[in-house]
J.: 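My questions will all concern the structure given below.
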Amino acid sequence: MQGELIPHKMLTQDAFSTWLGIEILECEIGRCRVAMTVRKEMLNSMGKAHGGISYALADTAFGFAANTHGKFAVSIETSINHIEALEEGDYLVAESVIETVKNRLGFNIVEVKRGDELVALFKGVVYRTQKDWE
């Protein structure tokens, strides 16, 4: 399967990302930009977006970009820094770029932005299996 098509296939099989309303903006080998809008049911008790919302968006971008290289790739360690609180109606964009594939591990930082404003930084390590995407 062509690498840039893999994230589109992944999204059709991902009920959680679909529920979040994640859409693929751009996708090519080693790179994926995804976006979503924060909805009321995503807010916490303080009226701000639950931290898991920006985390899930970044994790989806990370997973999609990692899999464009044609092998099943799974995250083995991830973390996030929440920089700004998010509100209902915020439109978020996350971009993941994984350029170098030299071994089974890949390292990446994903920026989550609201417009030009950086709202979260996600760090991830991915493990590439030997299983090909079909």
J.: What's the shortest heavy-atom distance between Gly47 and Glu87, and which atoms?
T.: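 Distance-wise, the nearest heavy atoms are O-OE1, 4.2 Å.
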J.: Side chains of residues 54-66: which donor-acceptor pairs under 3.5 Å do they make with residues two or more places apart or in other chains?
T.:
from	atom 1	to	atom 2	distance (Å)
Ser54	OG	Gly51	O	3.4
Ser54	OG	His82	ND1	3.4
Tyr55	OH	Thr78	OG1	2.1
Thr60	OG1	Ser17	OG	3.1
Thr60	OG1	Ala56	O	2.9

J.: Roughly how far, to the nearest 0.5 Å, is CZ of Arg39 from CG of Leu20?
T.: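 Reported to 0.5 Å precision, the distance equals 6.5 Å.
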J.: With sequence neighbours excluded, tell me which residues meet side-chain contact (heavy atoms from CB on, under 4.5 Å) with Thr129.
T.: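 For Thr129, the residues satisfying side-chain contact (heavy atoms from CB on, under 4.5 Å) (neighbours in sequence not counted) are Phe72, Tyr127, Lys131.
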J.: What closest approach, in Å, do Ile6 and Gly70 show between heavy atoms, and which atom pair accounts for it?
T.: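 Looking at all heavy atoms of both residues, the shortest contact is CD1-CA, 3.8 Å.
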J.: Can you tell me which residue pairs pass the ring-ring contact (aromatic ring centres under 6.0 Å, His included) test with a partner in residues 13-33, sequence neighbours excluded?
T.: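 Every candidate ring-ring contact (aromatic ring centres under 6.0 Å, His included) pair involving residues 13-33 fails, so no pair, neighbours aside, qualifies.
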J.: What residues form a side-chain contact (heavy atoms from CB on, under 4.5 Å) with Glu4, not counting sequence neighbours?
T.: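 Partners of Glu4 by the side-chain contact (heavy atoms from CB on, under 4.5 Å) criterion, ordered by chain and then number, come out as Gln2, Ile29.
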J.: Only distances under 3.5 Å count here; give the side-chain donor-acceptor pairs of residues 106-113 to other protein atoms, sequence neighbours excluded, each with its distance to 0.1 Å.
T.:
from	atom 1	to	atom 2	distance (Å)
Asn108	OD1	Ser96	OG	2.6
Asn108	ND2	Val97	O	2.5

J.: Enter the distance from Lys48:NZ to Ile53:CD1 here, rounded to the nearest 0.5 Å.
T.: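 CD1 of Ile53 is found 15.0 Å from NZ of Lys48.
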J.: Which pair of non-hydrogen atoms, one from Ala120 and one from Leu118, has the smallest distance, and what is that distance?
T.: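 For Ala120 versus Leu118, the nearest heavy atoms are O-CD1, 3.5 Å.
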J.: Kindly give the cluster partners of Val93, where membership spreads through any ILVMFWY side chain lying under 4.5 Å from a current member.
T.: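 Result for Val93 is Leu25, Tyr91.
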J.: Sequence neighbours left out, what passes salt bridge (charged side-chain N to carboxylate O under 4.0 Å, His left out) with Glu88? Give chain and number order.
T.: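 Not a single residue meets the salt bridge (charged side-chain N to carboxylate O under 4.0 Å, His left out) criterion with Glu88.
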J.: Report yes or no: do Leu121 and Leu92 belong to one cluster of Ile/Leu/Val/Met/Phe/Trp/Tyr joined by side chain heavy-atom distances under 4.5 Å?
T.: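 As far as the 4.5 Å side-chain criterion goes, Leu92 and Leu121 are not connected within one cluster.
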J.: Going by the rule salt bridge (charged side-chain N to carboxylate O under 4.0 Å, His left out), which residues pair with Arg33 if we only count those two or more places apart in sequence or in a different chain?
T.: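 Arg33 satisfies salt bridge (charged side-chain N to carboxylate O under 4.0 Å, His left out) with Glu26 once adjacent residues are dropped.
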J.: Give, for atom CE of Met10 and atom CG of Asn67, the distance between the pair rounded to the nearest 0.5 Å.
T.: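 That separation rounds to 4.0 Å.
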J.: Under the 3.5 angstrom rule, does the side chain of His69 hit a backbone N or O of Ile98 as a donor-acceptor pair?
T.: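 Confirmed, His69 side chain pairs with Ile98 backbone.
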J.: I'd like to check the salt bridge (charged side-chain N to carboxylate O under 4.0 Å, His left out) partners of Glu134; sequence neighbours left out, ordered by chain and number.
T.: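 With neighbours one apart ignored, the set is empty.
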J.: Hey, any chance Val74 and Met1 share a hydrophobic cluster, counting ILVMFWY side chains that come within less than 4.5 Å of each other, even indirectly?
T.: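 Different hydrophobic clusters.
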J.: Just grab all the side chain to side chain donor-acceptor pair (under 3.5 Å) pairs involving residues 114-125, residues at least two apart or on different chains.
T.: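 Matches after skipping sequence neighbours: Asn81-Lys123, Asp90-Arg114, Arg114-Glu117.
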J.: Yes or no on side chain to side chain contact (heavy atoms under 4.5 Å, CB included) for Val119 and Ile83, after CA distance, side-chain angles and deciding distance?
T.: CA-CA 5 Å; Val119 296; Ile83 300 166; 5.5 Å; no
J.: Suppose we screen for salt bridge (charged side-chain N to carboxylate O under 4.0 Å, His left out). Which residues come up paired with Arg104, at least two apart in sequence or across chains?
T.: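 For Arg104 there are no salt bridge (charged side-chain N to carboxylate O under 4.0 Å, His left out) partners, ignoring immediate neighbours.
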J.: Do the side chains of Leu86 and Val34 join up, straight or via other hydrophobic residues, at under 4.5 Å, putting them in one cluster?
T.: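 Yes, same cluster.
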J.: Got a sec, which pairs hit salt bridge (charged side-chain N to carboxylate O under 4.0 Å, His left out) with one end in residues 61-80, sequence neighbours left out?
T.: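 Those involving residues 61-80 are Lys71-Asp132.
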J.: How long is the gap from OG1 on Thr68 to CG on Leu5, to the nearest 0.5 Å?
T.: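 Reported value, rounded in 0.5 Å steps: 11.0 Å.
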